[in-house]
J.: 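Have a look at this one before I ask anything.
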Amino acid sequence: GAENKPFEDFTLISTMSKGPTTLPTSPVAYAFPHIQWDPLGSLRLTAQETALLRMAETNPIDYTLADSRDASMYARVLLKLLAEASAAGAGSGEVSKIVEPYSDEQAMQALDVDPLGVVTHYALNKLFEIISTLSTGESGVTVGAVFYVGKDGILVDQWKALLRILNKGGKGDAYTQKGASLCLALILLTSCPSQRAKLPTADKDGQPIKPRPISYASAVEPLEALTAWIVSQLKNATGTAVGLCIPALTALMGAQETRLLFCSSGGVKYLARKLRIGSKGVAKADPKKKMGQASVQQLYELTFCLWSLTYELNPHYRVRQDFAKDGLSVAALVDLVSIAPREKVVRVALASLRNLATCTAEESSPPSGANASKFDGQHYLSEMIASGLMKAIDHLKDRQFTDPDIIEDVDVLHKLLVENYKDMSRWEVYKNEVESGRLKWGSTHTEAFFKENGRMMEGPDGDFHLVKVLIALLSSRDEDVAAIACHDIGEFVRHYPNGRQIVKRLGAKELVMPLIEHQNVELQRHALQCVSKIMVQNWEYVK
């Protein structure tokens, strides 16, 4: 199979480059320099802490961060600001309700009515600035040195202030939730052993840097909490609200430990589900209107995350199993390639499909004794054929893409699909299509096909599994799918001995009856024919 590009090339994309892992400007940023610390008694700042905040305001950030002790003290004061402001009721005031950009005047007004809200934005903004500056590695002081303390390098306890902001849920505003989750993700990533291996071994003058100890163990529980929050956002947030967790999620895709943690928390399923909903929204949008920039960007970022996870397919059986659940991931990616909202979305979706199509079970086979599928490339290729990728790839071949990655992925996938399709019998093609739930009119939905294959509908266990699936598809919101299901059930009844009794017993009649009055004329016609075939003993005679 084609060689997968190594994941390392891509971690650069997801680190600090201009990408989804940057924090937007706070709507009240204009008011930051005007914060008066002394009157804000509820923050319980000591004189030394206030002095430190003032000093950091007047000096360039590099100066404050040049010494790891100063940097660590400064970071902890900022975390304290978050904790105290939150305890004193920040996050439910004026600032947390801001949706639109603010004018300078409005920002100053916000400082008057909701100073703690402004302080929360200020602290997150500075915290992110510290992390970004230290991540460049120029000062010789690392993120690890600032947030992991003592001889064992234990995570500072104040990290909880960031989690508290996330657990406020709907009450926190977008900027604080985005900022707190991203800062927390970047702080915790530093402790991952895979990331530590990439740290520079010498400073800018060529002097060797002795790596400080960092306790990954002290970050595991916080990582689990952050991952649980991200997964619950993917699961529950609607529309653009899901965007709150994307910067943190993208950051966590940078390390193997956190990718696996996300997978073991059920992340793949929720990510795929979000992508399917997202691409449906695109498909329904008026084709004349260009898709909103925000929604395309969001689709791109979510697809980027799913693609990052495909690099764990070969070494981890469990991840392959997750990608195979309900065929959701493949269906979501095929949708994206079919509607092709923008070239960059198509590029990552194709790269993901290619990794799925070429993955192997050599490095990690199913647990012994399990009568389990290997879930290798062959498995995903069958899913891709059932989801209609061949047609989408043919369309893409006609489009003149300039991106060499896209051209290569299209060719590789095309070749693999064609080879795999040749080996599949018509029955396998039909079975995969029905199981995927994505029925399309074609040569398998014909009298000739059922004459030949009607007996196969029993299934290997004699439980008529496919008939049950077709009956479930009668309730599909997609009217074409429901019409094809009516047609196939009717043909099964005609070409399987006692098929009539079987479908009656499985409850098909009750579901088809109401479709006779459906406003879609095609569906109505197929439903009527299906009911007639179920009711009438000798269909040939009527015809």
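Computed over heavy atoms, backbone and side chain alike; hydrogens, waters and symmetry mates excluded.
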J.: Do other residues, nucleotides or ligands put more than 12 heavy atoms under 6.0 Å from the CZ atom of R318?
T.: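 Not more than 12 within 6.0 Å, no.
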J.: Answer whether the closest heavy-atom distance between the side chains of V348 and L306 falls below 4.5 Å.
T.: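 Side chain of V348 against side chain of L306, heavy atoms only: no contact under 4.5 Å found.
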J.: Does a side chain donor of either S103 or Q106 reach within less than 3.5 Å of an acceptor in the other side chain?
T.: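 Present: a donor and an acceptor within the cut-off.
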J.: Would you please test Q195 and T190 for side chain to side chain donor-acceptor pair (under 3.5 Å) and show each step?
T.: CA-CA 6 Å; Q195 300 306 95; T190 315; over 6 Å; no
J.: Could you walk me through whether T120 and S86 pass the side chain to side chain contact (heavy atoms under 4.5 Å, CB included) test, one step at a time?
T.: CA-CA 8 Å; T120 301; S86 181; over 6 Å; no
J.: Could you give the distance from CD (E94) to CG (D112), rounded to the nearest 0.5 Å?
T.: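 Between atom CD of E94 and atom CG of D112 there are 11.0 Å.
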J.: Is the side chain of E49 donor-acceptor paired with the backbone N or O of T46 at a distance under 3.5 Å, no angle test?
T.: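 Yes: the side chain of E49 pairs with the backbone of T46.
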J.: For S194, does its backbone N or O pair with a side-chain atom of E257 as donor and acceptor, under 3.5 Å?
T.: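 Yes, because the side chain of E257 sits within donor-acceptor range (under 3.5 Å) of the backbone of S194.
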J.: For a side-chain hydrogen bond (donor to acceptor under 3.5 Å, both in side chains) with R438, tell me which candidate from D480, D335, D478 qualifies.
T.: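 Among D480, D335, D478, the one meeting side-chain hydrogen bond (donor to acceptor under 3.5 Å, both in side chains) with R438 is D335.
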J.: Only one of L65, V146, D67, T133 forms a side-chain contact (heavy atoms from CB on, under 4.5 Å) with V141, so which one is it?
T.: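 The residue from L65, V146, D67, T133 that satisfies side-chain contact (heavy atoms from CB on, under 4.5 Å) with V141 turns out to be V146.
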J.: Pick out which of D409, D403, T303, D405 makes a side-chain hydrogen bond (donor to acceptor under 3.5 Å, both in side chains) with R347.
T.: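 When D409, D403, T303, D405 are each tested with R347, the side-chain hydrogen bond (donor to acceptor under 3.5 Å, both in side chains) holds only for D403.
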J.: Is the shortest side-chain N to carboxylate O distance from R54 to E57 below 4.0 Å?
T.: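 Looking at R54 and E57, the cut-off is not met.
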J.: I'd like to check C263 versus L309 (side-chain heavy atoms, cut-off strictly below 4.5 Å). Are they in contact?
T.: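 Heavy-atom side-chain distance check passes, below 4.5 Å.
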J.: Does D394 come within less than 4.0 Å of K397, counting only side-chain N to carboxylate O?
T.: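 Judged by the 4.0 Å cut-off on N to carboxylate O distance, D394 and K397 do not form a salt bridge.
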J.: Between D322 and K269, is there a salt bridge with N-O shorter than 4.0 Å?
T.: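 No, no charged N to carboxylate O under 4.0 Å.
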J.: Treating S329 as the side-chain partner and K325 as the backbone partner, does any N or O pair qualify as donor plus acceptor under 3.5 Å?
T.: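 No; zero donor-acceptor contacts below 3.5 Å.
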J.: Do NZ/NE/NH1/NH2 and the carboxylate oxygens of R354 and D411 come within less than 4.0 Å?
T.: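 Salt bridge absent between R354 and D411.
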J.: Quick one, Q233 with K274, criterion side chain to side chain donor-acceptor pair (under 3.5 Å). Give me CA distance, side-chain angles, the key distance, then yes/no.
T.: CA-CA 10 Å; Q233 292 295 106; K274 263 288 164 279; over 6 Å; no
J.: Considering non-hydrogen atoms only, spot the tightest contact between Y102 and A110 and give its length.
T.: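 Answer, listing the atom of Y102 first, then A110: CE2-CB, 4.2 Å.
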J.: How about P222 and L163: do any of their side-chain heavy atoms sit closer than 4.5 Å?
T.: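 No. Closest side-chain heavy atoms not under 4.5 Å.
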J.: Once you round to the nearest 0.5 Å, how far does CG of L124 lie from OG1 of T176?
T.: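 Between L124 CG and T176 OG1, I get 6.5 Å after rounding to 0.5 Å.
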J.: For the atom pair CG (L333) and CG (L389), what is the distance rounded to the nearest 0.5 Å?
T.: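 Nearest 0.5 Å value for the CG-CG distance: 9.5 Å.
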J.: Which atom pair, heavy atoms only, marks the closest approach of A85 to L43?
T.: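 Smallest interatomic distance, heavy atoms only, reads N-CD2, 3.8 Å.
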J.: I would like to know whether E105 and Q109 meet side chain to side chain donor-acceptor pair (under 3.5 Å); could you show each step before the answer?
T.: CA-CA 6 Å; E105 212 172 312; Q109 270 170 343; 5.2 Å; no
J.: Measuring centre to centre across the rings, with the benzene-like ring taken for any Trp, is Y122 within less than 6.0 Å of W37?
T.: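 Centroid separation for Y122 and W37: below 6.0 Å.
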J.: A83 and R164: which non-hydrogen atoms are nearest, and at how many Å?
T.: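 Nearest heavy atoms, A83 then R164: CB-NH1, 4.0 Å.
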J.: Heavy-atom distance under 4.5 Å between the side chains of Y175 and T25, does that happen here?
T.: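 When only atoms from C-beta onward are counted, T25 and Y175 do not touch, as no gap falls below 4.5 Å.
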J.: Could you please spell out the steps behind the side chain to side chain contact (heavy atoms under 4.5 Å, CB included) verdict for L313 and Y380?
T.: CA-CA 12 Å; L313 288 165; Y380 295 113; 4.3 Å; yes
J.: Which of these, P213, S72, S215, S218, sits in a side-chain contact (heavy atoms from CB on, under 4.5 Å) with Y148?
T.: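 Exactly one pass, corresponding to S218.
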J.: Answer yes or no: is there a side-chain heavy-atom contact under 4.5 Å between L350 and V337?
T.: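 L350 vs V337: side chains touch.
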J.: About how many Å separate CG of L40 and CG of L45, when rounded to the nearest 0.5 Å?
T.: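 The distance works out to 8.0 Å.
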J.: Determine, stepwise, if the pair V330 / L356 fulfils side chain to side chain contact (heavy atoms under 4.5 Å, CB included).
T.: CA-CA 9 Å; V330 166; L356 283 162; 4.2 Å; yes
J.: Does the side chain of L234 come within less than 4.5 Å of W229's, by heavy atoms?
T.: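 No - every pair of side-chain heavy atoms lies 4.5 Å or more apart.
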J.: So, N125 side chain and H121 main chain: donor-acceptor pair closer than 3.5 Å or not?
T.: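 Flag not set: sc N125 to bb H121 has no pair under 3.5 Å.
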J.: Given T227 and E224, is the side chain to side chain donor-acceptor pair (under 3.5 Å) satisfied, shown in steps?
T.: CA-CA 5 Å; T227 304; E224 288 170 349; over 6 Å; no
J.: Which value, rounded to the nearest 0.5 Å, describes the distance between R259 atom CZ and S308 atom OG?
T.: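 Reported to 0.5 Å precision, the distance equals 7.0 Å.
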J.: Does some side-chain heavy atom of T402 sit less than 4.5 Å from a side-chain heavy atom of E343?
T.: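 Yes; the side chains approach each other to less than 4.5 Å.
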J.: Quick check for you: to the nearest 0.5 Å, what is the distance between C192 atom SG and L223 atom CG?
T.: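 Those atoms lie 5.5 Å apart.
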J.: Might you point out which heavy atoms bring L162 and L127 nearest each other, and give the distance in Å?
T.: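 Residues L162 and L127, closest heavy atoms: CD2-CD2, 4.1 Å.
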J.: Sub-3.5 Å donor-acceptor pair from the side chain of N314 to the main-chain atoms of C359, do we have one?
T.: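 No; zero donor-acceptor contacts below 3.5 Å.
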J.: Can M384 and L353 be said to form a side chain to side chain contact (heavy atoms under 4.5 Å, CB included), step by step?
T.: CA-CA 8 Å; M384 289 172 204; L353 286 166; 3.8 Å; yes
J.: Closest approach of V334 and G388, non-hydrogen atoms and distance?
T.: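 Heavy atoms of V334 and G388 come nearest at CG1-C, 4.2 Å.
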J.: Between W307 and F304, what is the ring plane arrangement, given parallel below 30°, perpendicular above 60°, and tilted in between?
T.: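 Aromatic pair W307/F304 classed tilted.
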J.: Taking the side chain as every heavy atom from C-beta outward, state whether T258 and M253 have any pair of such atoms under 4.5 Å apart.
T.: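 A side-chain contact is absent here, since even the closest heavy-atom pair is not under 4.5 Å.
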J.: Shortest non-hydrogen contact from A251 to L189?
T.: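 In this case the closest contact between A251 and L189 is O-CD1, 3.1 Å.
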